[in-house]
Each structure stands twice: as structure tokens, then as C-alpha cells.
Enquirer: 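To start, I am sharing the structure in question, which I have written as C-alpha cells.
The basis for the numbers below is simple: all heavy atoms, side chains too, and nothing from hydrogens, waters or symmetry mates.
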Amino acid sequence: MTNQNFNEVIDRRNSFATKYEELTEKYGRNDIMPLWIADMDFATPQPIIDSLHRCIDTRVLGYTTAPAEFWNAIADWLRRRHNWQLERSDIDFLPGVKKGFGLALNYFTEKGDKIVIQPPVYHSFHSVIEGNGRIVVNNPLLLTADGSYRMDLEGLERIAAEEKPAMVVVCNPHNPVGVQWQAEELRTVAEICSRHNIILLSDEIYGDMVLDNRTHIPTAMVSDTAADVTVTIGAPSKSFNIPGISSAWTVIKSERLRNGFFAWLKASEFDTAPTCAIAATTAAYTQCDEWLDSVLEYIADNCRFACEYIKNNIPDVSANVPEAGFGLWIDFRKKTADHDQLCRLIIDKGHLAISGGTTFGEEGAGFMRLNTGVPRSELLAGLERLKKAFE
């Protein structure tokens, strides 16, 4: 397990990899290096591969029913890694985090309802909300002088009172800025939601990926109030590099929220885990702790390496090591005030594809997100291309 070589370069072309398949559509050319979409280039842990092989080797891919081992693996993982004590009845399967968000949105809210997000934030929050006939209400994060972010809790209170939203969405840890929210601010968000009868949806897909021995704090754990208003969605997909297998989970401690939603999922079999999801998730959560610890150490070192490289080689550009995840949020605002020009420089002069900051909301103008979840040689090659874009 721990002998995996994270420096190994794996050619992912011709494997249906989104990072290559959508280059022309998103960047206008396919002769550029892709360090944009948030999956890693490391080989999936061998126990997961072995478990998938065993499933395929049966040669019969029939209907599936997840065994107790599957549910216990999820509950034990959340207890072992995050000190979250759960019952089997608190947990249900979802066919992916983004899909799960759409399902929760459709169950807990109505068309025309207002949904609060905190940009710059994962772009699909906006698209799923609007695509399902709801209205996005932005409560932007506050950028501090040292380049870190905090929630605008006063703004959230005002929006809750004036706009009367049906749901508040928190990204915990936050993508793309890499912040692990602390218990005090999460408690405040939950209290605001409780006072105004708002559902709190917590996307915790990066919960396993806090760096440098930090602790992930599940939103629903911070208080009884939080447990009563929170719908949590998480997955093994980021942690073990298996987003191509649609496997996610939802945890809801509140019976008043849980019972109806879980029954609604069951009625249409949204909660039925397919063969590969059962195999991969069970193996990930029971056999891959050591692999995850190792990859997090590698990613943290990559982030430090990238920040130091940028500091020493690209004047007027800066980045902080994230608290969680493998996305490096880079500040180019001293380079140019024209975000479109910034993107074109990096694409056409650097021959590099990274995620434009405005993808995450207009608050991301002047920023870009670079994926550090790659072998060090690939990261260095990408940084050299970034440097070339400004020479």
C-alpha cells in the first residue's frame, strides 16, 4: 500500500478523462497541459482496483443490494477519521455529490426558492441551482489582507432575514480557496439557519483531504442545532481518486429531515448503490487509510513546492498553501486587471489549462486554481509553463 510511487506519470489520454476530452470545448485548443479539473493523476489505491477486479471476475453483473459491510464501512470511516458517531439509519447512498446536491435541492426546496451560496465557490452550485429553477443569492466570502478568507456572517444574517432563502449551502472544506471552516463559524451559520427555518446543506467532499494534520470539522457535529438543520453530502471520490465511479453518501441526523428524504430517494432507487460503487467504497474505507495519509503528505509538499516556485520565479503573483484539498488558489491581481487577458496569456503563451477564477463567481476575478494532485515532475512542468506565460 505505502509503496505506491506518487511520482509515476500515468498517461490518461484515450481513457475518457475529462481533463483531455473537454480541453477544446473549454480552452479552444487541445495542445495544452491540463491542470484544471479537480481529480488527481495518481493511481487509485490497489485494494480498490483488486476489489473491482473481483466484482468483474464473477462475470455476472446483476442487480445489487449493498450489504451491511458497505454501510458499516462508511459509518466506521466517519467515526475513525472525523470522530463522528453515526447510526446506520443516519446514512443513505447517493449517485454522486453533484447529483446528490440536485436531488436534495429538488426535495427540500421549490422552484423559485432562493438558495444562498458563498462565492468564490464550486461552480456547479450555481449551475445546479439555476438549472433546477431556483434563484442564486450570493453571500461572498470576505478576502483578508493576508490572502485568507472568512465567511460574511453578518451578510448571511441579513440575507436570511430579507431574502428568506429556503437553503444555505456551505462548502466544508471550501473549494476553491482551500479553507477548513472552524466550529465557531459553522455554529453561527447553523444558528442563523435555525432561526429562519432554512435548510443547511454541507458539501464535505473534501472532508478527508485536510492537510498538515489539521482536523476536518463536519458541519452537523458542531452543535445540536447544526445536527437539526444540516444535510451533509460526502464521498470517497476525491479522497481516493475514484470520481469516475459515482459513489457518494448523505448523512442526516435530524429525523424530521431524514425520514421523508430517504423515503423519497428509495422510491425511485436513487439510493441503490451499483456493483462498482459498493466494491470501491468498501475497499476505500476499510483498507486505504495509510494510502490516504501518504497522498495527503505528498500533496501538502507539492503545494509548498508550488508556492515557493511562484514566489521565486513569477513576480507579483502569490499563493498560500491550502488547508485542505489539492487546488492551489493563485492571486494574479497585481499582474493584470483584465481577467480574460490573464486567461488567454496562460492558455496561449503558457500552453497551460488551469481553472479561471471567475468560473467560481465574479469574486474570483484575478485568481486561478491550479491542480497540484499530480506527480512532482508534472507540477514543475506546469509551473514552468506558467512562468513562461509572463516572460
Side-chain angles (χ1 to χ4, degrees), residues 37-40 77-78 81-84 97-98 100-101 117-125 139-144 146-153 156 168-190 200-222 226 230-241 243 248-251 292-293 295-300 302-304 306-307 319-330 355 357 359-361 363-364 367 369-373:
I37 197 167
D39 63 1
M40 298 185 286
W77 177 264
L78 293 172
R81 301 291 293 202
H82 308 309
N83 198 32
W84 200 3
V97 168
K98 182 175 175 179
F101 174 45
I117 63 174
Q118 301 185 104
V121 72
Y122 176 48
H123 57 86
S124 287
F125 288 169
N139 181 48
L141 299 179
L142 300 175
L143 178 58
T144 64
D146 64 357
S148 62
Y149 287 83
R150 61 183 178 87
M151 293 189 197
D152 184 358
L153 298 173
L156 183 61
V168 169
V169 183
V170 295
C171 197
N172 178 35
H174 195 98
N175 173 26
V177 303
V179 175
Q180 167 59 57
W181 302 119
Q182 296 304 301
E184 182 178 352
E185 50 203 336
L186 292 170
R187 273 194 292 270
T188 301
V189 173
L200 176 55
L201 189 138
S202 186
D203 176 349
E204 303 192 10
I205 194 169
Y206 284 100
D208 296 331
M209 303 205 74
V210 289
L211 303 178
D212 293 321
N213 297 313
R214 292 183 177 87
T215 300
H216 171 56
I217 303 170
T219 302
M221 268 186 59
V222 299
T230 303
V231 174
T232 304
I233 298 176
S237 53
K238 299 291 185 189
S239 318
F240 303 99
N241 206 30
W249 45 261
T250 179
V251 167
L292 180 59
D293 292 339
V295 84
L296 291 178
E297 184 177 348
Y298 190 92
I299 289 167
N302 265 3
C303 289
R304 281 186 281 273
C307 288
N320 294 330
V321 175
E323 296 176 355
F326 47 85
L328 191 68
W329 190 238
I330 307 175
S355 298
T359 302
F360 307 97
E363 295 78 8
F367 291 84
R369 188 191 70 182
L370 182 146
N371 183 350
T372 69

Enquirer: Which pair of non-hydrogen atoms, one from Trp329 and one from Gly357, has the smallest distance, and what is that distance?
Expert: CH2-CA, 3.8 Å
Enquirer: What heavy-atom pair brings Val210 and Pro173 nearest, and what distance separates the two atoms?
Expert: CG1-CG, 4.2 Å
Enquirer: How long is the straight-line distance from CG of Leu370 back to CG of Leu328, given to the nearest 0.5 Å?
Expert: 6.0 Å
Enquirer: Should Val168 and Leu156 count as side-chain neighbours, where that means a heavy-atom distance under 4.5 Å?
Expert: yes
Enquirer: Taking the side chain as every heavy atom from C-beta outward, state whether Gln118 and Cys171 have any atom pair closer than 4.5 Å.
Expert: no
Enquirer: Looking at every non-hydrogen atom in both residues, tell me the closest pair between Phe326 and Ile299 and how far apart they are.
Expert: CB-CG2, 3.8 Å
Enquirer: Applying ring-ring contact (aromatic ring centres under 6.0 Å, His included), name anything that partners Trp181, two or more places apart in sequence or on another chain.
Expert: His174
Enquirer: For the backbone of Gly327 and the side chain of Asn371, can you confirm whether one donor and one acceptor N or O come within less than 3.5 Å of each other?
Expert: no
Enquirer: If you take all heavy atoms of Asp39 and Asn241, which pair is closest and at what distance?
Expert: CB-OD1, 3.8 Å
Enquirer: How far apart are the closest heavy atoms of Asp152 and Pro140, and which atoms are they?
Expert: CB-O, 3.6 Å
Enquirer: Would you please name every residue forming a salt bridge (Lys or Arg N to Asp or Glu O under 4.0 Å) with Arg304, sequence neighbours left out?
Expert: Asp212, Asp301
Enquirer: May I ask you to decide if Ala183's main-chain N or O and Glu185's side chain share a donor-acceptor pair within less than 3.5 Å?
Expert: no
Enquirer: Should the pair His216 and His82 be assigned to parallel (<30°), tilted (30 to 60°) or perpendicular (>60°) ring geometry?
Expert: perpendicular
Enquirer: Hey, does Arg81 have a side-chain heavy atom less than 4.5 Å from the side chain of Leu292?
Expert: yes
Enquirer: In the structure I gave you, are the side-chain heavy atoms of Met209 and Glu323 within less than 4.5 Å of one another anywhere?
Expert: no
Enquirer: In Å, rounded to the nearest 0.5 Å, how long is the span from CZ of Arg369 to CD1 of Ile37?
Expert: 8.5 Å
Enquirer: Please indicate whether Arg214 has more than 12 foreign heavy atoms, meaning atoms of other residues, nucleotides or ligands, lying under 6.0 Å from its CZ.
Expert: yes
Enquirer: If we only count heavy atoms from C-beta on, is the Leu141 to Arg150 side-chain gap below 4.5 Å?
Expert: no
Enquirer: From the options Thr232, Asn172, Asp203, select the one residue that forms a side chain to side chain donor-acceptor pair (under 3.5 Å) with Thr219.
Expert: Asn172
Enquirer: Would you check, one step at a time, whether the test side-chain contact (heavy atoms from CB on, under 4.5 Å) holds for Leu78 with Trp249?
Expert: CA-CA 11 Å; Leu78 293 172; Trp249 45 261; 3.8 Å; yes
Enquirer: Is a side-chain N or O of Asn302 found less than 3.5 angstrom from the main chain of Thr372, in a donor-acceptor match?
Expert: yes
Enquirer: Hey, does Glu297 have a side-chain heavy atom less than 4.5 Å from the side chain of Leu211?
Expert: no
Enquirer: Mind checking whether Val170 and Val189 have side chains closer than 4.5 Å, heavy atoms only?
Expert: yes
Enquirer: Between Lys238 (side chain) and Ala38 (backbone), is there a donor-acceptor pair under 3.5 Å?
Expert: yes
Enquirer: Atom SG in Cys303, atom OH in Tyr298: separation rounded to 0.5 Å?
Expert: 11.5 Å
Enquirer: Check step by step if side-chain contact (heavy atoms from CB on, under 4.5 Å) holds for Ile233 and Glu204.
Expert: CA-CA 6 Å; Ile233 298 176; Glu204 303 192 10; over 6 Å; no
Enquirer: For Tyr122, give me all partners under ring-ring contact (aromatic ring centres under 6.0 Å, His included), at least two apart in sequence or on another chain.
Expert: Phe125
Enquirer: Checking the side chain of Glu363 only, and the main-chain atoms of Pro119 only, is there a donor and an acceptor separated by less than 3.5 Å?
Expert: no
Enquirer: Between CE of Met40 and OG of Ser237, what distance do you get to the nearest 0.5 Å?
Expert: 9.5 Å
Enquirer: Evaluate the side-chain proximity of Ile217 to Gln180: yes if any heavy-atom separation is below 4.5 Å, no if none is.
Expert: yes
Enquirer: Main chain of Ser355, side chain of Thr359: is a donor-acceptor contact present, judged purely on distance under 3.5 Å?
Expert: no
Enquirer: Kindly determine whether Ile330 and Phe367 satisfy side-chain contact (heavy atoms from CB on, under 4.5 Å), including the steps that lead there.
Expert: CA-CA 5 Å; Ile330 307 175; Phe367 291 84; over 6 Å; no
Enquirer: If you look at every heavy atom in Leu296 and Asp208, which pair is closest and at what distance?
Expert: CD1-O, 3.5 Å
Enquirer: Mind checking the CG-CG spacing from Asn320 to Asp146? Nearest 0.5 Å is all I need.
Expert: 7.0 Å
